[in-house]
Structures are given as C-alpha cells and as structure tokens.
**Q** 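Provided herewith is a single structure, encoded as structure tokens, for subsequent inquiry.
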Amino acid sequence: MTSRSALDVLALPLGEFTFGPDDQWPGEAGLVVGYAVRHAGGVFLFDTGLAPPEPELDTFYAKYRVEVRPVLDALADAGIAHDEVTAIANCHLHVDHCGQNALFPNVPIYVQPAEWAAANEPDYTVSSALDFPGSHYVPVDGDHEPAPGIRVFATPGHSPGHQSLVVETPDGPILLAGQAVYSYGEWTATAGARDGSIDAPDRPAYARSVARMRALNPTRVLFGHDRRGWP
Ligand SMILES: [Zn+2]
Ligand SMILES: [Zn+2]
C-alpha cells in the first residue's frame, strides 16, 4: 500500500457489521475502512469510522450487529500518533464514516456544503459527530487541494455531498473512493459484486461520479467498504 513517494497511504480497519434481513446482501459481513495519508505537513485522515455506541444508535447497531474499532487504535497500529492528524475529510457524514470525528477537536474537517446541509436534517447521522467541543468543519464546494498532492474530489450520488480523495504520486494518482464505489468488484464490473449504484439515492449523479473517477485513470483505487484495493 505504500507508494514510492513522500505520500504514504495506510489502510485503517474501523469496524465490522452484518447486513440485515431487508438489505441487499442479508446476513453477509460488511466492514468499514478509513485511510491515513502521511505527507510532509502531517497526516490527512480520510474517515474516522463508526460512532461509539450511544442510546441514539442502539436500535440501528443491534440490527446490524455493529462492532466499532477505535480509530485511535487503528492509527496507533499504523504507527501514527493522535496529534499527528492535522486535517480530516469524511467521504460523507453517515455514521459509519464520521462517527469518531469528535476525537479531533480543532482539526479542520473538510465537508461539501450539500453534505453538511443533509447531515443537519433528522435521521441522517449522529449529532455527536457534528457538534462537539472544538468542532471545526470547513465547508468547501467541489474539488479542492487541502494539502500539496492531496485533492478532495467531489463524487455525489450515494449522498448529496459525497467526496473522494486523490493522492498524487510519481506513479500516478491513488484514488480513495470512499463509498462512491462500494467494492473492488463494482470497480472491475464483476457480475454479482456488491454494487452501490443499485440503491444509490441519486443514480444519475452516482454514474457521473464513477465516470469522473475512471477519467482520472488512477493507478490504484481503495474503498471505504472493501479491504481489497484495485488492482
Ligand atoms: Zn452512507
Ligand atoms: Zn458507508
């Protein structure tokens, strides 16, 4: 997973769950993966994983048999200290991707305004991930480069303000897709693969985002719900 450049991308296993009986893949195991990008100015964190259990989540977590992995443990296992994290982006603000944001007070969290608006509607996410002491969300619309060689890349479709991350390396761009593509098999158009386009709330936007990602011609693609990266 390490590229031959100043930018290192490290996978962070952030928890597991089981799809419910009404889901697309009932009874199957699911997982949540975040990524840490080490660069000259610190560590850019892409997703903080599942929120710790709280009463608001009891029903949801019981249904999905959620097992939360502390992001600080995952970072420590990757050799990264808590205070090395200097900036964050969540692929989107559902509870499995931003759940531990509150562990990072005063760290800028880049968010698409459309996602911020959605997250502040009822039943979208946990409020504890949005409002916490030192919460420092930075709304930025569309593509932008929060650190040299690290680009936030707007990929709406699964959610209104979904975003991916592009890490430039001498070998070409590494794409951290988040949930803009659900799985390795979806990226390779493998029949029967877990495919997030099928139940995407905005399917045309989802398709346009996938086309944009393919046009990047990435050398590597990593996913928020699949441990297996492409190629
Ligand atoms: Zn989601
Ligand atoms: Zn998700």
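Values below: all heavy atoms of this structure, side chains included; hydrogens, waters and symmetry mates excluded. First listed ligand is number 1; within each ligand, the first listed atom is number 1. If you're wondering where the values come from, they're calculated on a predicted model, not measured in any experiment.
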**Q** To the nearest 10°, how many degrees is the angle His94 ND1 to the Zn ion (ligand 1) to His92 NE2?
**A**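 Approximately 90° at the metal, rounded to tens of degrees.
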**Q** Can you tell me the N, O or S atom of His97 that's nearest the Zn ion (ligand 2)?
**A**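 Distance check against the Zn ion (ligand 2) picks out NE2 in His97.
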**Q** So among Glu115, Gln163, Gln112, His158, which one has a side chain to side chain donor-acceptor pair (under 3.5 Å) with His92?
**A**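 The passing option is His158.
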**Q** Does atom CZ (Arg214) have a neighbourhood of more than 12 heavy atoms from anything else shown, all under 6.0 Å?
**A**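 More than 12 within 6.0 Å, yes.
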**Q** Which single N/O/S atom of Asp96 lies at minimum distance from the Zn ion (ligand 2)?
**A**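 Going through the N, O and S atoms of Asp96 one by one, OD2 ends up nearest to the Zn ion (ligand 2).
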**Q** Side-chain contact test, heavy atoms from C-beta onward, threshold under 4.5 Å: evaluate it for Gln100 versus Val68 and give yes or no.
**A**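 Yes, close enough: below the 4.5 Å cut-off.
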**Q** Please find the N/O/S atom of His158 nearest to the Zn ion (ligand 1) and write down its name.
**A**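 Restricting His158 to its N, O and S atoms, the minimum distance to the Zn ion (ligand 1) goes to NE2.
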**Q** Can you confirm whether the side chains of His94 and Thr125 place a donor and an acceptor under 3.5 Å from each other?
**A**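 Absent: no donor and acceptor within the cut-off.
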